[in-house]
Engineer: 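Shown below is the structure under consideration.
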Amino acid sequence: MAESNDTDVIDLLVAQHGQIKALLQQVHLTVGPVREQAFHDLVRLLAVHESAEEEVVHPASRRHAVSGEIVDGRLHEEQEAKQALAALYNLGFGHPEFDSEFAAFAEKVIEHAELEEKEEFSRLQLQASHDERVQLASAVRFAEAFAPTRPHPEVGGSLAANLLIGPPLAVFDRIRDAIREWRKQSSIA
């Protein structure tokens with residue numbers, strides 16, 4: 001993703017929502033190695049996106065008087081999505097229930113994105129200054145830079161071995177930890 005350093009976090013996250021929707025569609029419509037790569041890319045993007053939201057965007061929303069109920073609802077949905085993604089990973093592409101479970105997962109992810117844009121991002125855009133939203137975008141870019149982009153060469157060739165060098169929840173944890181460290185070293189509270 002190529003943004004300038006003055007990209008607004010809301011524009012960045014909405015663009016990521018579009019990428020997530022496209023990857024959901026690609027996983028749904030493809031098979032074999034193309035599907036595996038799309039799933040790998042989806043896990044990575046969701047890890048970056050949701051970790052940045054949880055550690056940076058949602059706290060900023062709370063600071064700017066976005067209802068705690070709205071933020072808590074999005075956090076709950078994100079936790080459910082992580083668990084569903086881990087379950088899909090454990091289920092595997094070959095399982096007879098993968099397609100139906102993935103379809104249910106995709107529907108919830110899209111609904112979550114739409115609610116976020118409507119209920120949280122619109123209010124954050126009104127309440128936070130442009131400069132703050134640009135600073136928040138820096139945290140999202142940091143998460144993108146930290147997330148693995150390809151399998152580690154020493155873990156073998158299978159999806160199970162390669163998927164971001166571990167299960168999806170481990171990826172979320174690594175990115176969340178990196179964002180927390182970045183926040184300590186920057187001026188974002």
Side-chain angles (χ1 to χ4, degrees), residues 1 8-28 38-91 98 101-125 127-128 133 136-148 163-164 166-183 188-189:
M1 187 181 282
D8 183 301
V9 72
I10 296 167
D11 293 337
L12 179 59
L13 295 175
V14 169
Q16 287 182 350
H17 284 172
Q19 292 175 318
I20 289 165
K21 290 173 186 176
L23 286 168
L24 289 166
Q25 190 72 352
Q26 191 173 3
V27 172
H28 176 69
F39 189 72
H40 168 86
D41 293 346
L42 178 64
V43 169
R44 179 186 184 277
L45 181 54
L46 284 172
V48 168
H49 182 84
E50 298 304 340
S51 296
E53 285 181 345
E54 289 173 20
E55 294 299 320
V56 178
V57 178
H58 296 322
S61 292
R62 287 185 197 278
R63 284 193 308 273
H64 289 288
V66 174
S67 163
E69 185 177 312
I70 289 172
V71 175
D72 290 344
R74 300 303 75 82
L75 286 166
H76 178 75
E77 293 161 4
E78 289 161 5
Q79 186 60 37
E80 286 180 342
K82 283 185 218 173
Q83 292 170 351
L85 193 59
L88 284 165
Y89 173 84
N90 290 332
L91 198 59
F98 183 86
E101 293 294 321
F102 185 80
F105 167 76
E107 185 177 312
K108 287 183 179 180
V109 168
I110 291 168
E111 180 182 342
H112 166 79
E114 290 169 353
L115 285 171
E116 217 166 40
E117 290 174 19
K118 178 183 174 186
E119 295 179 351
E120 184 174 0
F121 295 174
S122 62
R123 292 182 180 149
L124 185 60
Q125 184 139 21
Q127 298 291 327
R133 293 190 318 268
L136 293 170
S138 295
V140 176
R141 280 192 296 278
F142 174 81
E144 286 178 330
F146 179 81
L163 189 59
L164 303 174
L169 294 179
V171 176
F172 279 89
D173 289 343
R174 286 194 298 268
I175 293 171
R176 185 192 64 234
D177 292 346
I179 292 170
R180 285 180 179 168
E181 185 60 30
W182 181 87
R183 284 177 61 201
I188 295 179

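All residue numbers in this chain count up from 1 along the given sequence.
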Engineer: To the nearest 0.5 Å, what is the distance between CD on Glu116 and CZ on Phe121?
Structural biologist: 4.0 Å
Engineer: For residues Leu136 and Ala60, report the shortest heavy-atom separation together with the two atoms involved.
Structural biologist: CD1-CB, 3.8 Å
Engineer: Would you give the length of the straight line joining atom CD1 of Ile20 to atom CG of Leu45, rounded to the nearest 0.5 angstrom?
Structural biologist: 4.5 Å
Engineer: Among all residues two or more places apart in sequence or in another chain, which pass the side-chain hydrogen bond (donor to acceptor under 3.5 Å, both in side chains) test with His76?
Structural biologist: Glu80
Engineer: To the nearest 0.5 Å, tell me how far Phe102 CZ sits from Phe39 CZ.
Structural biologist: 7.0 Å
Engineer: Of all residues at least two apart in sequence or in a different chain, which pass the side-chain contact (heavy atoms from CB on, under 4.5 Å) check with Glu111?
Structural biologist: Leu115
Engineer: Output the distance between atom CD1 (Ile70) and atom CD (Glu119), rounded to the nearest 0.5 Å.
Structural biologist: 5.0 Å
Engineer: For Lys108, does the NZ atom have more than 12 heavy-atom neighbours from other residues, nucleotides or ligands under 6.0 Å away?
Structural biologist: no
Engineer: Show, in sequence, the C-alpha distance, side-chain angles and deciding distance for Glu77 and His112, and conclude whether the side-chain hydrogen bond (donor to acceptor under 3.5 Å, both in side chains) test is met.
Structural biologist: CA-CA 7 Å; Glu77 293 161 4; His112 166 79; 2.6 Å; yes
Engineer: Consider side-chain contact (heavy atoms from CB on, under 4.5 Å). Of Arg141, Arg133, Gln125, which one does Val9 pass it with?
Structural biologist: Arg133
Engineer: From Leu24 CG over to Glu107 CD, what is the distance, rounded to the nearest 0.5 angstrom?
Structural biologist: 11.5 Å
Engineer: Between Glu50 and Arg74, is there a salt bridge with N-O shorter than 4.0 Å?
Structural biologist: no
Engineer: Output all residues satisfying side-chain hydrogen bond (donor to acceptor under 3.5 Å, both in side chains) with Glu53, sequence neighbours left out; order by chain, then residue number.
Structural biologist: His49
